[in-house]
Amino acid sequence: MRLLASLRFVLSLLLAGGAAVAQSPTAPRGLAGSRPNILFVFSDDHACQAIGAYGSTFGATPNLDRLAGDGVVFTANYCGNALCGPSRASILTGLHSHANGFCRNGNVFDGGQATFPKLLQQAGYQTAIVGKWHLDSAPTGFDYWEVLPDQGQYYNPDFLTAAGRVRREGHATDVTTALAIAWLERRDPARPFVLMCQHKAPHRNWLPAPKEYGLFRDGDLPAPATLFDDHAGRIPARARTEMEIARHLTLHYDLMVPPTAAEAAALAGEDRAYPGHRARMSEAQRAAWDAAYGAEDEAFRRLDPQGPDRVRWLHQRYLKNYLRCVAGVDRSIGELRAWLDAHPEVKANTLVIYASDQGFFLGEHGYYDKRWMDEECFRMPLLMAWPGRLEGGRRIEPLTQNIDFAPTFVELAGAKPLAAAHGVSLVPLLEGRQVPWRDAVYYHYYESQSTHRVPAMYGVRTERWKLVRYYEPHEDAWELFDLQQDPDERRSLAGVAEFAAVQQELTQRLRALRQQYGDDTGELLGEVFPRSAGVTRIVREGDGFRVWANTVGGYALQPGASRTRLSATTAMRSLPGKLQRQGFVVFADDDGPQLRVGFEFGARKLVVQGHDGSQRAEVPIEWDGAAELSLRVELDAAAHTLVAVGGGQRLSVALATSWRQWTQWGYGGSNTETWFGPLRLE
Ligand code: SGN
Ligand code: CA
């Protein structure tokens, strides 16, 4: 089976004209099945631009740079979906998102599937994970786990354990490191281990640990050339993205600048979370924070910078706090390696790995956050050191991806292989062997219509080119970048006559990759649902449709003749074996507002809701979780009434007077795989 799979892979590479890897004369052999301990240190949102070994000049990572000098640096490592949960799910399973089922944050990881910790456990390894998890379901395949709930807190974080929830005093980075070391101390020394030490840092909202407060206090750090990018030459959605330092970074929540009395009385948006973050700190922690930041905050108020100067100030504050969080993670690497130095018998057989779930924008294109297929966030750091086995300072340049991690660990451990993995073991690259290798990596991002408003996309990157398809019908666009001529990705060449042949070839390559990985998500029955967002797939089934909605409020709509009154009926079946949230029918006006009427399956409720949370009404229903639910909706714009009947209940809602008509309708949901009957309108 395994032989067949690798044969198929090699064949697909040859057919696709895969790249070969040059041989290194000094590289090690026989790593497969050598059963090293694996100390896998993993952080959240750590971009290569902030690591010295990848060319950063910020100086935030002396320990990581030392690790890179002692070991190997993967220079072209990528994620398949630049978001936390999806990247982690791909690392555990070796599968792209559509196949492991975790397409967006907020999905629930199916812990019943094959993962590398389970296979290593079966092969006699001790398995442990501490820190960020973000996959919602309880970790499976670990002898010991102690993880942050959801995103977790920086100060005095709560942890989830098999025995319940505990609050631990201190900074998340330090607490996580301490948990990792405590486990190393008490593990069974007779068996190999895999320990995943997963830091929350440097994730938003960038609260460093006290030990790093003093860093970067003198002068400005260099800003990227594209800090004031106008987004011209690319798709319009780039300018609509809500991740601009100038417009979206919040002063209090993101940058922890204390609000004035007037500001405190009117906190809005994410800034409303500011007081909670202050309250989470102890009095002593707050005092230490204020002592470190007070003078800078005062200077900001005094100078009150405006326009580009204000953007530069926001960027500096953001970047410095981000790098202080990075430096904390770097210190953790130093502490873990110091523990290994003190235990030479363990160190000699321990592979230390450092990676992060995706990269991050550090002001490039004026952005923070990630999600786009741009190099800054698509690329992931990957460093590996293993004394006596990996020669120091080597750079490994072929295209690698997070789906390769699990097959690598499994092969090193001599465990049963992951039969269906999309990724391939990196062992040949570690050994410097001449093997056929992939010449392109695949990407698919789903979480549109959500925080930061980045459209769904899939794409391909080769050594020189990147082609991205924005497939939601209301976006429907391509971007093509020449990474050699335009490394900052400022000018899309999609649709430019001179590059038509390149675009065509890459389109075929993209199609072939989608086929190879079996990804048929992202297309919506051609023109049947011309307006959609956040729905990944619709197929006809019976006389209705099966709909996959990955996003909060995902929908797919058809246009119709304008109506001021209508009566609609349909049926809904929440598909068994899947984790569901809600399924609803949608009625929309041309300029966007939507009414959603349907069921919260898990909570067993009939619900009416406006697209913006308005018009909310709900009533509990009696339902066995399996039966088909029928739904009837009566809308009358003139009488301002909405009546919903379903699940044996009736909801009556007074409609806002802004509703004049309905011109589109269809299906929607969140985290749902739902079968809908035909939507019959009268
Ligand atoms: C939170 C952040 C977002 C971030 C996502 C995903 N907002 O929602 O800025 O993009 O997480 O990040 S915050 O106000 O909660 O910080 S991920 O790394 O977990 O995927
Ligand atoms: Ca992340």
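Sequential numbering from 1 along the given sequence is applied to the chain's residues. In listed order, ligands and their atoms are each counted from 1.
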Task: Ligand-side contact atoms (ligand 1) for residue partner H134, heavy atom cut-off under 4.0 Å - done: 19 (O)

- [ ] Hey, can you tell me if F40 and F42 have their rings parallel, tilted or perpendicular (30° and 60° cut-offs)?
- [x] perpendicular

- [ ] Please report which non-hydrogen protein atom sits nearest to atom 3 (C) of ligand 1, along with the residue it belongs to and the distance in Å to one decimal place.
- [x] H452 NE2, 3.3 Å

- [ ] Give the residue, atom name and distance (to 0.1 Å) of the protein heavy atom nearest atom 8 (O) of ligand 1.
- [x] T451 CG2, 4.2 Å

Open item on the list: Tell me the protein heavy atom at minimum distance from atom 5 (C) of ligand 1, and give that distance in Å.
Closed with: R371 NH2, 3.4 Å

TODO: Answer yes or no for Y368: is there a heavy-atom contact with ligand 1 below 4.0 Å?
DONE: no

Open item on the list: Counting only nitrogen or oxygen atoms and a 3.5 angstrom limit, does Q151 reach ligand 1?
Closed with: yes

- [ ] Identify whether the distance between the nearest side-chain nitrogen and carboxylate oxygen of D404 and R438 falls below 4.0 Å.
- [x] yes

Open item on the list: Please determine whether a side-chain nitrogen of the Lys or Arg among R204 and D45 lies less than 4.0 Å from a carboxylate oxygen of the Asp or Glu.
Closed with: no

TODO: For the residue pair S87 and N402, confirm or rule out a side-chain donor-acceptor distance under 3.5 Å.
DONE: yes

Task: Ring geometry between Y458 and Y442 (parallel below 30°, tilted from 30 to 60°, perpendicular above 60°) - done: tilted

Open item on the list: If the threshold is 4.0 Å, N to carboxylate O, is there a salt bridge linking D290 and R278?
Closed with: yes

Open item on the list: Is it the case that ligand 1 has an N or O less than 3.5 angstrom from some N or O of G85?
Closed with: no

Task: Identity and distance of the protein heavy atom lying nearest atom 7 (N) of ligand 1 - done: R204 NH1, 3.4 Å

- [ ] Around atom 12 (O) of ligand 1, find the nearest protein heavy atom and jot down its residue, atom name and distance.
- [x] K370 NZ, 2.8 Å

Open item on the list: Test side chain to side chain donor-acceptor pair (under 3.5 Å) on T115 and T93; report intermediate values, then the result.
Closed with: CA-CA 5 Å; T115 63; T93 59; over 6 Å; no

TODO: Please check if the distance between the ring centroids of Y78 and F378 is under 6.0 Å.
DONE: yes

TODO: Give me the ring orientation class for H96 and H98: parallel if the planes are under 30° apart, tilted from 30 to 60°, perpendicular past 60°.
DONE: parallel

Task: K200 to ligand 1, any heavy atom closer than 4.0 Å - done: no

- [ ] Inspect the contact between E479 and R469 and indicate whether a charged nitrogen and a carboxylate oxygen are less than 4.0 angstrom apart.
- [x] no

Task: Atoms of the protein (N/O/S only) found under 3.0 Å from the Ca ion (ligand 2) - done: D44 OD1, D45 OD1, D357 OD1, D357 OD2, Q358 OE1

Open item on the list: So if I count the atoms of ligand 1 from 1 in the order they appear, which ones are less than 4.0 Å from some heavy atom of K132?
Closed with: 19 (O)

Task: atom 4 (C) of ligand 1: nearest protein contact (heavy atom, Å) - done: D369 OD1, 3.4 Å

Task: Ligand-side contact atoms (ligand 1) for residue partner D44, heavy atom cut-off under 4.0 Å - done: 18 (O)

Open item on the list: Which label fits Y155 and H171: parallel for a plane angle under 30°, tilted from 30 to 60°, or perpendicular past 60°?
Closed with: perpendicular

Task: Protein residue, atom and distance nearest to atom 17 (S) of ligand 1, heavy-atom basis - done: C84 CB, 3.1 Å

Task: H452-Y368 aromatic ring centre distance below 6.0 Å - done: yes

TODO: Return the orientation label for the H46 and Y322 ring planes: parallel under 30°, perpendicular over 60°, tilted otherwise.
DONE: perpendicular

- [ ] Name the closest protein heavy atom to atom 13 (S) of ligand 1, giving the residue it belongs to and the distance to 0.1 Å.
- [x] Y253 OH, 3.2 Å

Task: Ligand-residue contact atoms, ligand 1 with Q358, heavy atoms, under 4.0 Å - done: 18 (O)

